[in-house]
Amino acid sequence: MKFRLFAVAALMIAALCGCSTSAKKNKTLVFYYSQTGATKAVAEELQSQLGADIACIEVVEPYNGDYAATVARWRREREAGVKVAIQPLAVDLDQYDTIFLGFPIWGGTFASPMATFLDDHSLAGKTVVTFATFGSGGIDSATADVAAAQPDAKVIKGYGVRNARVAKAPAEISRFLIENGYVEGEIAPLPEYGEAVPVTDEDVAVFDAACGDYQFPLGTPVTVAKRSYDGTQDYRFDVKSQTRDGGEALSTIYVVVPQGGTPEFTQVLK
Ligand SMILES: Cc1cc2nc3c(=O)[nH]c(=O)nc-3n(C[C@H](O)[C@H](O)[C@H](O)COP(=O)(O)O)c2cc1C
């Protein structure tokens, strides 16, 4: 009885704080943590396109919205090995066999509150499809970390988007869900990238237009592979950069030039 009262109270609190869940039984749950709203926007789009339930993680002492202050607190907590306290879940995970698990990328992996959740809850036997928002990238490494944290779940890399491009998410999510069979529908497959060839001055101009104003230096493009469809041109650059200790690092940077639009930096893979 006590537990029931607690569960009802938790559901009411969740509804009041904008982190809602539906009472209807549904096999798919969109479950996320978002500090400044980018991941929340993606989660809500996924919920709407999937027709799924939705719930989120609330931190006991929320991070404030200031980027520098959050980075400073996150660093302090990481160095001290602090496990960030989260509120009891307002959802019964047992009802779901597929969970779309979303988070912002912090330090190249899932944000600390998601780390607490993954530490405290088992997703054994479930299919977990990750999604993430980020300044530059990190969903691949974060997905590998989710798989390591939940070895008995089937963890699949899902949809990732830079926070600067969240407005593009609805169309990209629609393609992602159809291509991967999460919703029914038909969509023409995208062509393969061509062969990687040395960059021309024109390619470098596209790279600079897309990446030049990013807050950290992203390196120098060396080779590029391209593909085009429906007036859109995709670029996959191989990029060289310097590590802090003076060594050389290689990364892959994706850029899209939409029809009639300007170059957009979509993601870096390291
Ligand atoms: C503490 C902290 C660390 C971050 N680390 C990374 C990072 O390693 N790579 C990255 O691309 N973005 C990083 N970001 C940017 C966030 O991933 C990005 O702003 C995200 O979209 C925020 O999502 P939210 O609005 O749902 O909280 C970091 C942000 C914070 C606050």
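Ligands are counted one by one from 1 in listed order, and the atoms in each one are counted from 1 as well.
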>> Can you see whether Thr143 engages Thr130 through a side-chain donor-acceptor pair at a distance of less than 3.5 angstrom?
In response: yes
> How far does CH2 of Trp106 sit from OG1 of Thr70, to the nearest 0.5 angstrom?
Replying inline: 6.0 Å
> Taking only heavy atoms of Thr36, which atoms of ligand 1 are found under 4.0 Å from at least one of them?
Replying inline: 22 (C), 24 (P), 25 (O), 27 (O)
>> What verdict does the side chain to side chain contact (heavy atoms under 4.5 Å, CB included) test give for Val166 and Val161, after you've listed the backbone C-alpha separation in whole Å, the side-chain angles of each residue and the deciding distance to 0.1 Å?
In response: CA-CA 6 Å; Val166 166; Val161 65; 4.2 Å; yes
>> Can you report which non-hydrogen protein atom sits closest to atom 21 (O) of ligand 1, along with the distance?
In response: Thr133 OG1, 2.7 Å
> With a 4.0 Å cut-off, would you call Lys270 and Asp140 a salt bridge?
Replying inline: no
>> I'd like to know if Asp97 pairs up with Lys27 as an ion pair, taking the criterion as any Lys NZ or Arg NE/NH1/NH2 lying under 4.0 Å from an Asp or Glu carboxylate oxygen.
In response: yes
> Who's closest to atom 16 (C) of ligand 1 heavy-atom-wise, of Thr70, Ile139, Ile105, Val161?
Replying inline: Ile105
>> Show the atoms of ligand 1 that are less than 4.0 angstrom away from any heavy atom in Val71.
In response: 1 (C), 2 (C)
> Purely on distance, is any nitrogen or oxygen of Asn163 under 3.5 Å from one on ligand 1?
Replying inline: yes
>> Can you confirm whether Asp201 is buried at CG, in the sense that more than 12 heavy atoms of other residues, nucleotides or ligands lie under 6.0 Å from that atom?
In response: no
>> Please work out, at 4.0 Å between heavy atoms, whether the side chain, the backbone, both, or neither of Phe134 comes within that distance of ligand 1.
In response: both
> Considering distance alone, does some N or O of Gly137 sit under 3.5 Å from an N or O of ligand 1?
Replying inline: yes
> Charged N to carboxylate O under 4.0 angstrom, Glu172 versus Lys168?
Replying inline: no
> Which of the atoms in ligand 1, numbered in the order shown and given with their element, are less than 4.0 Å from a heavy-atom of Thr39?
Replying inline: 23 (O), 24 (P), 26 (O)
>> Gly135 versus ligand 1: do any nitrogen or oxygen atoms come within less than 3.5 Å of each other?
In response: yes
>> Does only the side chain of Tyr63 get under 4.0 Å from ligand 1, or the backbone, or both, or neither? Count heavy atoms.
In response: neither
>> If I apply the N/O under 3.5 Å rule, does Ser34 come out as touching ligand 1?
In response: yes
> Any idea which protein heavy atom is nearest atom 29 (C) of ligand 1, and the distance to it?
Replying inline: Tyr67 CE1, 3.5 Å
>> Within the 4.0 Å heavy-atom shell around Gly37, which atoms of ligand 1 are there?
In response: 24 (P), 25 (O), 26 (O)
>> So, regarding Tyr214 and ligand 1 (criterion: nitrogen or oxygen to nitrogen or oxygen, under 3.5 Å), is there a contact or not?
In response: no
> Taking the six-membered ring of Trp74 as reference, does the NZ or CZ atom of Arg76 fall below 6.0 Å from its centre and within a 45° cone about the axis?
Replying inline: no
> Relative to the ring of Phe31, is the ring of Phe117 parallel (under 30°), tilted (30 to 60°) or perpendicular (over 60°)?
Replying inline: tilted
> Any N or O of Lys40 that comes nearer than 3.5 Å to an N or O of ligand 1?
Replying inline: no
> What residue and heavy atom of the protein are closest to atom 5 (N) of ligand 1, and at what distance?
Replying inline: Gly107 N, 3.0 Å
> So does Asp120 pair up with Lys83, basic N to acidic O under 4.0 Å?
Replying inline: yes
> Considering only protein heavy atoms, which is closest to atom 11 (O) of ligand 1, and at what distance to one decimal place?
Replying inline: Ser136 N, 2.7 Å
> side chain to side chain contact (heavy atoms under 4.5 Å, CB included) between Val42 and Tyr159: does it pass, once the steps are laid out?
Replying inline: CA-CA 9 Å; Val42 172; Tyr159 173 72; 4.1 Å; yes
>> Just to confirm my output: which protein heavy-atom neighbour is closest to atom 22 (C) of ligand 1, and how far is it?
In response: Pro104 CB, 3.6 Å
> Are Glu192 and Arg227 within salt-bridge range, i.e. N to O under 4.0 Å?
Replying inline: no
>> Out of all atoms in ligand 1, which are within 4.0 Å of some heavy atom of Gly108? Include the element for each.
In response: 7 (C), 8 (O)
> Between Arg75 and Glu79, does at least one N-O distance fall below 4.0 Å, as a salt bridge requires?
Replying inline: no
> Closest non-hydrogen protein atom to atom 3 (C) of ligand 1, residue and atom name please, with distance?
Replying inline: Trp106 CA, 3.5 Å
>> Need the ligand 1 atom indices (1-based, order shown) with element for anything under 4.0 Å from a heavy-atom of Trp74.
In response: 1 (C)
